[in-house]
Participant: 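Below: one structure in structure tokens.
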2 protein chains.
Amino acid sequence: MTEQTRLPVWCGGEEWCPVTSTATLIGRKWHPVIVERLLDDGPMGFSELKEAVDGISSKVLSDVVEDLEQKELLDRAIISEKPFRVQYSLTDRGADLRPVIEAMDRWGRDHLQSASDEEESIV
Amino acid sequence: MTEQTRLPVWCGGEEWCPVTSTATLIGRKWHPVIVERLLDDGPMGFSELKEAVDGISSKVLSDVVEDLEQKELLDRAIISEKPFRVQYSLTDRGADLRPVIEAMDRWGRDHLQSASDEEESIV
DNA sequence: CGGCATCCACATGGATACTG
DNA sequence: CAGTATCCATGTGGATGCCG
């Protein structure tokens with residue numbers, strides 16, 4: 001279970017497909033946002049992260065960070081034992097996702113912004 | 001079921017989150033590759049697309065293109081009735097995903113390439 | 001604080017077979 | 001060609017509650 005990093009996926013017959021391979025790593029509902037929060041606000045603890053992402057349950061957040069850790073996109077460090085504290089930070093691999101996250105952010109703002117404005121009442 | 005376009009997702013309490021919103025649209029295993037293939041090779045039919053993505057089953061491809069169509073990222077046109085033919089092409093929204101796809105492609109090549117080389121025997 | 005346990009609903013992906 | 005039908009396994013997300 002420790003070698004989750006390598007999930008080569010092939011497409012088009014013979015060719016290995018970087019896009020699908022990448023998609024299988026971060027192509028989930030919450031994965032990208034968590035990376036984004038860590039990119040923008042730096043390392044943080046569990047609850048802090050949960051706040052930053054708000055809307056995610058602790059169970060799901062727990063699942064996701066564990067998954068991201070296995071994929072070596074983020075590190076989990078135990079900062080303190082007595083008042084038990086951990087800190088999540090991005091690995092270099094994880095930080096390198098910045099262009100992907102930024103492109104998603106840009107696209108979202110360009111194409112979904114107005115829709116969200118219109119339905120702001122949903123909040 | 002026709003208003004799938006608008007799926008505003010909020011994060012961080014009050015703020016609307018473009019990244020998560022985008023992730024809910026294309027954050028799946030096959031969605032990004034399909035967009036990539038259409039970006040690279042232009043409009044194509046069902047089987048052509050299935051070939052290009054190879055590894056996907058017709059059922060899943062069928063599900064995904066229907067989903068992408070609902071999300072207005074892709075158009076489905078019936079080209080011919082007698083020999084029944086359709087053609088899938090990207091909408092402008094869909095084509096605008098190029099930066100996202102390219103960033104994913106880049107990241108995949110930079111971070112997963114060697115792993116795939118090493119385990120090429122898996123193919 | 002930083003989770004895990006449990007239970008559940010639904011989404012996603014895949015195999016196989018079949019059709020107009 | 002372009003799917004649909006069926007069945008099934010697993011994944012993903014969410015609610016609630018509890019714990020050291």
Side-chain angles (χ1 to χ4, degrees), chain A residues 1 4 7 9-11 17 19-21 23-35 37-38 43-71 74-89, chain B residues 1 4 7 9-11 17 19-21 23-35 37-38 43-71 74-89:
Chain A
M1 287 288 198
Q4 280 297 78
L7 295 172
V9 177
W10 278 262
C11 289
C17 180
V19 172
T20 305
S21 297
T24 61
L25 294 187
I26 56 157
R28 310 273 108 223
K29 180 172 178 181
W30 299 108
H31 291 219
V33 210
I34 291 174
V35 173
R37 295 312 185 218
L38 291 173
M44 58 182 97
F46 188 88
S47 298
E48 235 175 326
L49 196 51
K50 187 169 174 341
E51 281 302 301
V53 177
D54 198 55
I56 196 171
S57 70
S58 57
K59 182 263 199 176
V60 172
L61 179 57
S62 183
D63 290 349
V64 176
V65 291
E66 187 183 340
D67 186 49
L68 288 173
E69 197 189 350
Q70 274 191 358
K71 288 165 175 168
L74 66 75
D75 278 329
R76 177 181 183 269
I78 296 174
I79 304 289
S80 157
E81 283 289 1
K82 250 312 295 307
F84 189 62
R85 300 266 182 146
V86 298
Q87 190 173 55
Y88 294 99
S89 57
Chain B
M1 287 288 198
Q4 280 297 78
L7 295 172
V9 177
W10 279 262
C11 288
C17 180
V19 172
T20 304
S21 297
T24 62
L25 293 187
I26 57 158
R28 311 272 108 225
K29 181 173 179 181
W30 300 107
H31 292 217
V33 211
I34 291 174
V35 173
R37 295 311 184 220
L38 292 173
M44 59 183 94
F46 188 86
S47 298
E48 235 176 324
L49 197 50
K50 187 169 173 342
E51 282 303 299
V53 177
D54 199 55
I56 196 171
S57 72
S58 55
K59 183 263 200 178
V60 173
L61 179 56
S62 182
D63 289 348
V64 176
V65 292
E66 187 182 340
D67 186 49
L68 288 173
E69 198 189 349
Q70 274 191 359
K71 289 164 176 168
L74 154 173
D75 277 329
R76 177 181 183 269
I78 296 174
I79 305 288
S80 156
E81 282 289 0
K82 252 312 296 305
F84 189 62
R85 300 266 183 146
V86 298
Q87 191 172 55
Y88 294 100
S89 57

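Proteins get letters first, then strands, A, B, ... in listed order; numbering begins at 1 in each. Note: hydrogens, waters and symmetry copies are ignored here, and every other heavy atom, side chains too, is used. This one's a predicted model, so the numbers in the text were calculated from it and none came from an experiment.
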Participant: What is the distance, rounded to the nearest whole Å, between atom CZ of A/Phe46 and atom C1' of C/dC4?
Facilitator: 10 Å
Participant: Could you run through nucleotides 5-20 of chain C and give me one letter per nucleotide, 5' to 3': B if any protein heavy atom sits under 4.0 Å from the base, S if only the sugar-phosphate is that close, - if neither?
Facilitator: BB-----SBBB-----
Participant: Do the side chains of B/Leu61 and B/Ile34 get nearer than 4.5 Å, heavy atoms only?
Facilitator: yes
Participant: Can you check whether B/Tyr88 has a side-chain N or O nearer than 4.0 Å to OP1 or OP2 of D/dC1?
Facilitator: no
Participant: Measure CD/A/Gln87 against P/C/dC1 and give the value in whole Å, please.
Facilitator: 15 Å
Participant: Identify the two heavy atoms, one from A/Tyr88 and one from A/Leu49, that lie closest to each other, and give their separation to 0.1 Å.
Facilitator: CD1-CD2, 4.3 Å
Participant: In whole angstroms, how far is the P atom of D/dA2 from the CG atom of B/Leu61?
Facilitator: 11 Å
Participant: Can you tell which of D/dG3, C/dG3, D/dC1 lies closest to the side chain of A/Arg76?
Facilitator: C/dG3
Participant: For the CD atom of B/Glu66 and the CD atom of B/Glu69, what is their distance to the nearest 0.5 Å?
Facilitator: 7.5 Å
Participant: Which pair of heavy atoms, one from A/Val86 and one from A/Phe46, lies closest together, and at what distance?
Facilitator: CG2-N, 4.3 Å
Participant: Could you grab the distance from atom CG of B/Leu25 to atom CG of B/Asp67, nearest 0.5 Å is fine?
Facilitator: 8.5 Å
Participant: Separation of A/Glu48 atom CD from C/dG3 atom P, in whole Å?
Facilitator: 12 Å
Participant: Tell me the closest heavy-atom pair linking A/Val33 and B/Val19, and the distance in Å.
Facilitator: N-CG1, 3.8 Å
Participant: Starting from P on D/dC1, measure out to CD1 on B/Ile78 and report it in whole angstrom.
Facilitator: 17 Å
Participant: For the helix from C/dC1-D/dG20 to C/dG20-D/dC1, what is the angle between the axes at its two ends, each from 5 pairs, rounded to 10°?
Facilitator: 50°
Participant: Please report, rounded to the nearest Å, how far the C1' atom of D/dT12 is from the CD1 atom of A/Ile34.
Facilitator: 13 Å
Participant: So, OP1 or OP2 of D/dA2: does either fall under 4.0 Å of a side-chain N or O from B/Ser47?
Facilitator: yes
Participant: Hey, is the main chain of A/Ile56 close enough, under 3.5 Å, to the side chain of A/Lys50 for a donor-acceptor pair?
Facilitator: yes
Participant: Rounding to an integer number of Å, can you tell me how far A/Lys50 NZ sits from C/dC4 C1'?
Facilitator: 14 Å
Participant: Report the C-alpha separation of A/Arg76 and A/Gln87 in whole Å, then their side-chain angles, then the decisive distance to 0.1 Å, and conclude whether the side chain to side chain contact (heavy atoms under 4.5 Å, CB included) test is met.
Facilitator: CA-CA 6 Å; A/Arg76 177 181 183 269; A/Gln87 190 173 55; over 6 Å; no
Participant: Please name the pair of heavy atoms, one in A/Cys17 and one in B/Arg37, separated by the smallest distance, quoted to 0.1 Å.
Facilitator: SG-NH2, 3.9 Å
